[in-house]
Every structure is written in structure tokens, then in C-alpha cells.
Amino acid sequence: MQVNVISLFPDMFSALTTMGVTGRAHEQGKWSLSAWNPRNYTHDVHKTVDDRPYGGGPGMLMLAQPLVDSINDIKQHGGTGPVILLSPAGKPFTQVKAQELSQLPRVTFVCGRYEGIDQRFIDHYVDEEVSLGDFVLSGGEVAALAVLDATIRLLPGVLNDQQSALQDSFHGELSGLLDCEHYTRPEVFEGESVPPVLLSGHHANIAQWRRERSLALTAARRPDLIQQAKDNGLLSKKDLLFLERLSSTSIAN
Ligand code: SAM
């Protein structure tokens, strides 16, 4: 996968290319990154990339021209793929979106700064806008890093154990639910034991315990995800019976 980022702070992306799972995958050539700094596409001595908003108001806006020139340069170096702007006004980023992005051979992320970007660039050069959540970051880089991290770990061969992606929250076997709790050594820590079923070696019972914990955790913390899984027909009869029992016992308590 070829990733382009248009950013005034390209060094921030070394966190992805040099560290952890994404860094290893980068080293192995499973994905590559080209950073394009709009400041390199300015024509004045001050390398100006921003200006005051028409109509007044606080802050500065990114100029359209250096961004357009960045896009045109990417087009001359293999193409952009879909152009995605990180923006609080975008569609909320999800695991489904990460899966969709992980299928692309190339993609370009545009990272805003200041109070945002001249709308004419967005209207004519951006294919979609993606938000990390209902909060305001000082720049799109941190959002792009998060989106890329979630996407790259889904590329074939990136995770050592492909099963672990399937077992993550929202993913595959979990049918849009939260992941259950996990435990590692020692068996007893600060007086608290690991749930006995996990030590039983009985695979079916362990799988059932994990499924029920996922259902219970999701019902308690994200009932919207339970509803979504129901609407999408992702819950089995056994799941639905467990949820019924769960709500009747919590009402009784
Ligand atoms: N004036 C903008 C607003 O109120 O929507 C906020 C601009 S913000 C300070 C600067 C840049 O950070 C944005 O252009 C965008 O690229 C990025 N950004 C901020 N919050 C974000 C979020 N929740 N998701 C994705 N990108 C975000």
C-alpha cells in the first residue's frame, strides 16, 4: 500500500514508519509513505502557507494553492488514490472504514492546521472527510496517524498472528462487539485470581465465556453496538438468550 500524506509537519509520521507493528511492516515493504509538505510548493520568500479568513474572525486558514500543487505533484509520482481530509466535520472513523482503506493500493491524506483549509480546495480536490471523533485537534496529523495505524495493522502479513486482528474489538468473530477482558501470568496477582474457566483448557467453555463477557461488556458500555449487531443479524440465538437473561437479572438486582 502506498500512502501519501500532505502535511506541514511530516516528521510526525516517523512514529509510524519507525516504531512497533507499523514500523516493522514499513521496513518489510508492506506499505510505504511519501510525505508532501505544502511549504515546498509556495512561491514567496516567506514560504507562506496560510492567510486570514475573508469575513474576519480569529485564526488563519491554509491556502488552497500549495495544497493543489502538492496534489498535482503526487499525481505525477504514481497518483493519489482517494484523497481523504482529516476533519472534525468528517464521517466518524470506524473499524469498517479501516478495513475498507486496507484494501486500497494507494491513498492520500490531507492534514489541516490552523483554523482549517480554504473550502475551494476541499470542494474540488477532496474525495471524503474523516473525523477521529467529536473533539478538536490542533492538526490533522494525529488523526491521520490513528487512521493509518488502524489500517496498516490489517494489511496481509502485518500482524504476527492474523487471528489477533479477528479477535479485536469490532472485528470479525466479535461481530461489532467490544473485546472481552484478557489475563496473563501470574495466575494470582495482588490476591486476585484469573477466572478459573481460562485455566480449564476446555476450548468450548473458554470460547463461550469470552463471547458472554463481550456481550455483557458491550451491553453495559455500548448498548448502541448491541443494537447495531442485532439489526445486522450478527447475534446468534444463544447470544440473544444470554442478553435476555442478562437484562432480566440486572432488572431483578
Ligand atoms: N476550525 C475547525 C473546526 O472547528 O472544525 C478546527 C480546525 S483544527 C484546529 C485544525 C485541523 O485539525 C483540521 O483542519 C483537521 O485537519 C484537524 N482536526 C481537528 N480535529 C479533528 C478531528 N476530530 N478529526 C480529524 N481531524 C481533526
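One-based numbering along the sequence shown. Note that ligands are numbered from 1 as they come in the structure, with each ligand's atoms numbered from 1 the same way.
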Exercise. Tell me which one of D134, V136, L85 gets a heavy atom nearest to atom 6 (C) of ligand 1.
Key: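 Checking each option, the heavy atom nearest atom 6 (C) of ligand 1 is found in V136.
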Quiz prompt | Option nearest atom 24 (N) of ligand 1 (shortest heavy-atom distance, choices L132, V142, L137) | solution = L132
May I ask you to identify the nearest protein heavy atom to [atom], giving residue, atom name and distance to one decimal place in Å?
{"atom": "atom 25 (C) of ligand 1", "result": "S87 N, 3.3 Å"}
{"atom": "atom 5 (O) of ligand 1", "result": "P88 CG, 3.3 Å"}
{"atom": "atom 16 (O) of ligand 1", "result": "L86 O, 2.6 Å"}
{"atom": "atom 23 (N) of ligand 1", "result": "F135 O, 2.8 Å"}
{"atom": "atom 1 (N) of ligand 1", "result": "E115 O, 2.9 Å"}
{"atom": "atom 10 (C) of ligand 1", "result": "Y114 O, 3.3 Å"}
{"atom": "atom 14 (O) of ligand 1", "result": "G112 CA, 3.5 Å"}

Within the 4.0 Å heavy-atom shell around [X], which atoms of ligand 1 are there?
{"X": "G116", "value": "14 (O)"}
{"X": "G133", "value": "23 (N)"}
{"X": "G139", "value": "11 (C), 12 (O), 17 (C)"}
{"X": "G140", "value": "12 (O), 16 (O), 17 (C)"}

Quiz item: At what distance, to the nearest 0.5 angstrom, does CG of L145 lie from OG of S14?
Solution: 9.0 Å
Exercise. With rounding to the nearest 0.5 Å, note down the distance linking SG in C180 to CD in E212.
Key: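 Here the interatomic distance stands at 11.0 Å.
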Quiz item: Out of curiosity, is I117 lining ligand 1, as in a heavy atom under 4.0 Å away?
Solution: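 Per 4.0 Å heavy-atom rule, I117 does not contact ligand 1.
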Self-check item: F93 near ligand 1 by a heavy-atom separation under 4.0 Å
Solution: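 No.
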[X] and [Y]: same hydrophobic cluster, using ILVMFWY side-chain contacts below 4.5 Å?
{"X": "V142", "Y": "L85", "value": "yes"}
{"X": "V147", "Y": "I152", "value": "yes"}
{"X": "L243", "Y": "L241", "value": "no"}

Quiz item: Does the pair W209 and H202 meet the rule for a ring pair (Phe, Tyr, Trp, His ring centres under 6.0 Å), with working shown?
Solution: CA-CA 11 Å; W209 180 87; H202 192 298; over 10 Å; no
Would you check if there is a donor-acceptor pair between the side chains of [Y] and [X] at a distance under 3.5 Å?
{"X": "N232", "Y": "Q228", "result": "no"}
{"X": "E187", "Y": "S193", "result": "no"}
{"X": "D73", "Y": "S70", "result": "no"}

Exercise. Using a 4.0 Å heavy-atom threshold (strictly under), name the region of A89 that reaches ligand 1: side chain, backbone, both or neither.
Key: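 The answer is neither.
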Quiz item: Considering only heavy atoms, does A143 approach ligand 1 within less than 4.0 Å through its side chain, its backbone, both, or neither?
Solution: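 For A143, the contact with ligand 1 is made by the side chain alone.
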Exercise. Taking the side chain as every heavy atom from C-beta outward, state whether L240 and K230 have any pair of such atoms under 4.5 Å apart.
Key: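 Heavy-atom side-chain distance check passes, below 4.5 Å.
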Quiz item: Can you tell if the side chain of F109 reaches within under 4.5 Å of the side chain of L101, non-hydrogen atoms only?
Solution: yes
Practice problem: Indicate whether atom 18 (N) of ligand 1 is within a distance of less than 4.0 angstrom of some protein heavy atom. | Solution: yes
